[in-house]
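Working notes, structure below.
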Amino acid sequence: MSWIRKTAAEQADALAAGEVTSVELVQAHLDQIAATNGDLNAFLHVDVPGALAQAAASDERRSAGSPLHALDGVPIAIKDVLTTEGLPTTAGSRILEGWIPPYDGTVTARIKAAGLPILGKTNMDEFAMGSSTENSAYGPTRNPWDHDRIPGGSGGGSAAAVAAFQAPLAIGSDTGGSIRQPGAMTGTVGVKPTYGSVSRYGVIALANSLDQLGPVTRTVLDSALLHELIGGHDPKDSTSVPTPVTGLIEAAREGAKGDLSGLRVGVVKELQGDAWAPDVVERFEESVDILKKLGADVVEVSLPSFVHAMAAYYLILPAECSSNLAKFDAMRYGRRVTPEGSPSAEEVMKVSRDAGFGDEVKRRIIIGTYALSSGYYDAYYGQAQKIRTLIIEDFRRAFESVDVLVSPTAPTTAFPIGEKVDDPLSMYLQDLATIPANLAGVPGISVPSGTSREDGLPTGVQFLAPVLEDARLYRVGAALEAALLEQWGGPIVPAAYQSKESS
Amino acid sequence: MPELSRGEVRHLADLARIDLSDAELDHLAPQLNVILESVASIQGVAGDDVVPTSHPIPMTNVFREDVVVPCLTPEQALAAAPEREDDKFAVPRILGDEQ
């Protein structure tokens, strides 16, 4: 079996045992990227010399007996929303084309400090606005399971890269489901940590009160390994929570033993019904049955305010992003387009922003500007913030009677490229199940739940836990994963990426 | 729920400093109305007794010690400037024609 097929944990073990070098691992992944990225467009930028140099340095540390971290030498990909000193960072937008940040985001710095070679930057919907990666100014990412379909979004690049064995680990960002929904679409694992538990310093903000970086991997254990590496308090992020989130790796190992006795699982009543494709529901019910067999106590719970989550989200997010994206004014960095004559700074801003932003970004900025304008503020933004309170209260009540909540991650499997690109509402519905967690700050995980009987595409199941109880997600996620792997006889893998050996 | 007119969309875009073309207005205005219609359902859901939440986790402001720490050099800070003059960002004129 080639090295790229192995999990990050297996690659780390092989490095520790001296069975492989980091240079060999990195080269194998670079080869896979070279062979497949033309089709997938998962990476916007590949740093061949940088990744190989970091790998060589890792190998030197390893032979000197002083690796920096268990994952030292295991390659990783980073969503193009996080700054990387010396590497282009575009957030999928034309307005940042060619921008090379002069500093590392905190998560980038932690990855470098642990010695993980950075393969490159992954594609995304522009400024993380979207559920399909079609809103990238640099072309859509294609789903490794079917190149005519979307890989989910906004982090379709990270999810596709991991699903297609271009990288064992990737960083994603989740504002309303951008880690979890692509996980479901590509048969990979994605975790949105508790709000504030992973630093946002260096993240090009979409909506500050909702954004969270997290791991994108092929296994639950790999997510735990990466989550513990990137998490923890950061004085550079004023929203960083001081309490460390720990015990994740332990929880994943414990969960994989398959005993969920005593775990109370709540099936969310409001995340069922006609919006959910029958083949997604079928896989979901199968997962719930497995949880019961593993000893979990499964009940249905109601979180009545969830029905308003989407509307509240599509007011809060545009309001925050219309303010955030004001910084792209073509004055200090980013694309400047100068109209003819002797234009004023304001005219340059307007023309530059029109040329630099795509349709979805413009839609959200305008909606946000409207929602925040006097006369409409109370009716829209004010109401949305109150609904946020109601949703937080719903979670609090639900978690009095259950330990985790469960739902399908996304209402459908991956849809064809182009199908929803001019139908914003139907695109927004993709995040029906994932949005409430962002509004309340609670952590969530998406784990593959199989493939649809109808179209053969992957489906995902989502677990949610109370704030700072991320470890619960790893326990239940690893337990379900282990049971499903046994049932399937191995991981689910896109057909085109099943047997190609590249090292 | 008031429908956004073409003129109102243009005004909002002006406030947001986006120079929308006529074709873009034709394309975006109807989509914006569909979106606004779908979020209008929240009006009246929560009464006066519900406290608004701006942030998912309660927070207090934080300060750091007022000490000098390493920062970007002028060269680094200006590296991505669309236009520069000496150690400064160069910007187009900031006053309008009539000023």
Side-chain angles (χ1 to χ4, degrees), chain A residues 99-100 102-103 195-196 209-210 235 238-239 241 308 311-312 314-315 322 326 329-336 338 342-351 353-354 357 359 362-363 365-367 369-370 373 379-380 382-390 392 422 424-425 438-441 467, chain B residues 2 4 8-9 11-21 24 27-29 31-32 34-48 50-57 59 61-64 72-73 75-83 89-97 99:
Chain A
W99 183 53
I100 299 186
Y103 73 106
Y195 180 83
S209 79
L210 304 165
S238 67
T239 60
V241 294
H308 303 296
Y314 276 102
L315 287 164
S322 69
D329 58 6
M331 295 298 126
R332 288 151 302 166
Y333 69 123
R335 188 178 186 198
R336 178 185 290 184
T338 309
S342 164
S344 67
E346 188 179 323
E347 284 158 351
V348 171
M349 275 177 210
K350 287 172 72 172
V351 172
R353 285 161 65 82
D354 185 52
F357 291 147
D359 279 357
K362 289 172 185 168
R363 282 191 285 263
I365 289 176
I366 293 171
I367 295 279
T369 306
Y370 179 71
S373 53
Y380 290 112
Q383 267 296 312
Q385 287 190 312
K386 287 182 176 183
I387 285 168
R388 196 167 189 174
T389 307
L390 296 178
I392 291 171
D422 251 332
L425 267 195
N438 299 80
L439 289 172
V467 161
Chain B
L4 281 181
E8 284 168 320
V9 174
H11 175 63
L12 289 166
D14 278 346
L15 290 175
R17 304 289 184 268
I18 301 173
D19 187 27
L20 290 185
S21 66
E24 282 184 300
H27 183 66
L28 296 178
Q31 294 176 341
L32 294 172
V34 172
I35 296 169
L36 280 181
E37 203 184 298
S38 80
V39 298
S41 61
I42 66 161
Q43 292 183 71
V45 168
D48 292 341
V50 180
V51 183
T53 300
S54 64
H55 215 273
I57 293 170
M59 287 190 316
N61 201 6
V62 292
F63 296 93
R64 68 167 173 83
L72 298 181
T73 63
E75 218 34 65
Q76 288 173 315
L78 288 160
E83 206 185 331
F89 295 98
V91 302
R93 64 186 172 82
I94 55 167
L95 298 178
D97 290 329
Q99 287 151 311

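Lettering follows sequence order; numbering is per chain, from 1.
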Open item on the list: Quick check for you: among A:Asn438, A:Asp422, A:Leu439, which has the greatest number of heavy-atom pairs under 4.5 Å with chain B?
Closed with: A:Asp422
- [ ] For each of B:Leu78, B:Leu15, B:Val51, tally heavy-atom pairs with chain A at distances under 4.5 Å, and name the one with the top tally.
- [x] B:Val51
- [ ] Please state whether the side chain, the backbone, both or neither of A:Ala379 comes within less than 4.5 Å of a heavy atom of chain B.
- [x] both
Task: Most chain A-contacting option - heavy-atom pairs closer than 4.5 Å, from B:Ser54, B:Ala13, B:Gly47 - done: B:Ser54
Open item on the list: Is B:Ala79 in contact with chain A via its backbone, its side chain, both, or neither, using a 4.5 Å heavy-atom distance?
Closed with: neither
Open item on the list: Between A:His308 and A:Leu390, does the side chain to side chain contact (heavy atoms under 4.5 Å, CB included) criterion hold? Intermediate values first, please.
Closed with: CA-CA 10 Å; A:His308 303 296; A:Leu390 296 178; 5.9 Å; no
Open item on the list: Measuring only between side-chain heavy atoms, which start at C-beta, is A:Arg353 closer than 4.5 Å to A:Ile365?
Closed with: yes
TODO: Please state whether the side chain, the backbone, both or neither of A:Val351 comes within less than 4.5 Å of a heavy atom of chain B.
DONE: both
TODO: Evaluate the side-chain proximity of A:Arg363 to A:Pro424: yes if any heavy-atom separation is below 4.5 Å, no if none is.
DONE: yes
TODO: Classify the ring geometry between B:His55 and A:Tyr195 as parallel (under 30°), tilted (30 to 60°) or perpendicular (over 60°).
DONE: perpendicular
Task: Proximal component of B:Val62, with respect to chain A [non-hydrogen, under 4.5 Å] - done: side chain
Open item on the list: Strictly distance-based, threshold 3.5 Å: is any side-chain N or O of B:Thr53 a donor or acceptor partner for the main-chain N or O of B:Pro56?
Closed with: no
- [ ] Go through the atoms of A:Ala384 and report whether side chain, backbone, both or neither lie under 4.5 Å from a heavy atom of chain B.
- [x] both
Open item on the list: For the interface with chain A, which of B:Arg17, B:Gln31, B:His11 has the highest count of heavy-atom pairs at distances below 4.5 Å?
Closed with: B:Arg17
Open item on the list: Between B:Gln43 and A:Tyr380, is the side chain to side chain contact (heavy atoms under 4.5 Å, CB included) condition met? List the steps.
Closed with: CA-CA 7 Å; B:Gln43 292 183 71; A:Tyr380 290 112; 3.7 Å; yes
- [ ] Over all heavy atoms of both residues, which pair between B:Pro82 and A:Gly334 is shortest? Give the atoms and the distance, please.
- [x] CG-O, 3.7 Å
Open item on the list: Less than 4.5 Å to any heavy atom of chain A: does that hold for the side chain of B:Glu8, its backbone, both, or neither?
Closed with: neither
- [ ] Find the one option among B:Val34, B:Ile42, B:Asp14 whose heavy-atom pairs under 4.5 Å with chain A are most numerous.
- [x] B:Ile42
Task: Portion of A:Thr239 that has a non-hydrogen atom of chain B nearer than 4.5 angstrom - done: both
Task: Choice from A:Arg388, A:Met349, A:Lys362 maximising heavy atom contacts with chain B below 4.5 Å - done: A:Arg388
TODO: Find the one option among A:Ser209, A:Ala312, A:Gly441 whose heavy-atom pairs under 4.5 Å with chain B are most numerous.
DONE: A:Ser209
Task: Among B:Asn61, B:Leu28, B:Thr73, B:Val9, residue most engaged with chain A (heavy-atom pairs, under 4.5 Å) - done: B:Leu28
Task: Heavy-atom contact with chain A under 4.5 Å, split by part of B:His27 - done: side chain
TODO: May I ask you to name which of A:Asp359, A:Ile100, A:Val467 has the most heavy-atom pairs under 4.5 Å with chain B?
DONE: A:Asp359
TODO: Pick one of side chain, backbone, both or neither for B:Ile18, based on which atoms fall under 4.5 Å of a heavy atom in chain A.
DONE: both
- [ ] Please examine the side chains of B:Val45 and A:Lys386, heavy atoms only from C-beta on, and report whether any two atoms are closer than 4.5 Å.
- [x] no
- [ ] Kindly determine whether A:Asp354 and B:Glu24 satisfy side chain to side chain contact (heavy atoms under 4.5 Å, CB included), including the steps that lead there.
- [x] CA-CA 10 Å; A:Asp354 185 52; B:Glu24 282 184 300; 2.7 Å; yes
Task: Interface moiety of A:Pro343 toward chain B, non-hydrogen atoms closer than 4.5 Å - done: backbone
TODO: Please look at A:Ile366 and chain B and tell me whether the side chain, the backbone, both or neither of the residue comes under 4.5 angstrom of a heavy atom of that chain.
DONE: both
TODO: With the side chain counted from C-beta on, respond yes when B:Val39 and A:Ile367 share a heavy-atom pair under 4.5 Å apart, and no when they do not.
DONE: no
Task: Check: B:Ala46 main-chain N/O paired with A:Gln383 side-chain donor or acceptor under 3.5 Å - done: yes
TODO: Identify which part of A:Ser322 has an atom lying under 4.5 Å from any heavy atom of chain B, answering side chain, backbone, both or neither.
DONE: neither
Open item on the list: I'd like to know if the side chain of A:Glu347 and the backbone of A:Ser344 have a donor-acceptor N/O pair within less than 3.5 Å.
Closed with: yes
Task: Part of A:Asp329 lying under 4.5 Å from any heavy atom of chain B - done: neither
Open item on the list: Is B:Leu32 close to chain A through its backbone or its side chain, or both, or neither, when contacts mean heavy atoms under 4.5 Å?
Closed with: both
Task: Nearest-0.5 Å distance that lies between atom CG in A:Leu315 and atom CG in B:Leu36 - done: 7.5 Å
Open item on the list: How long is the straight-line distance from CZ of B:Arg93 back to CD of A:Glu346, given to the nearest 0.5 Å?
Closed with: 10.5 Å
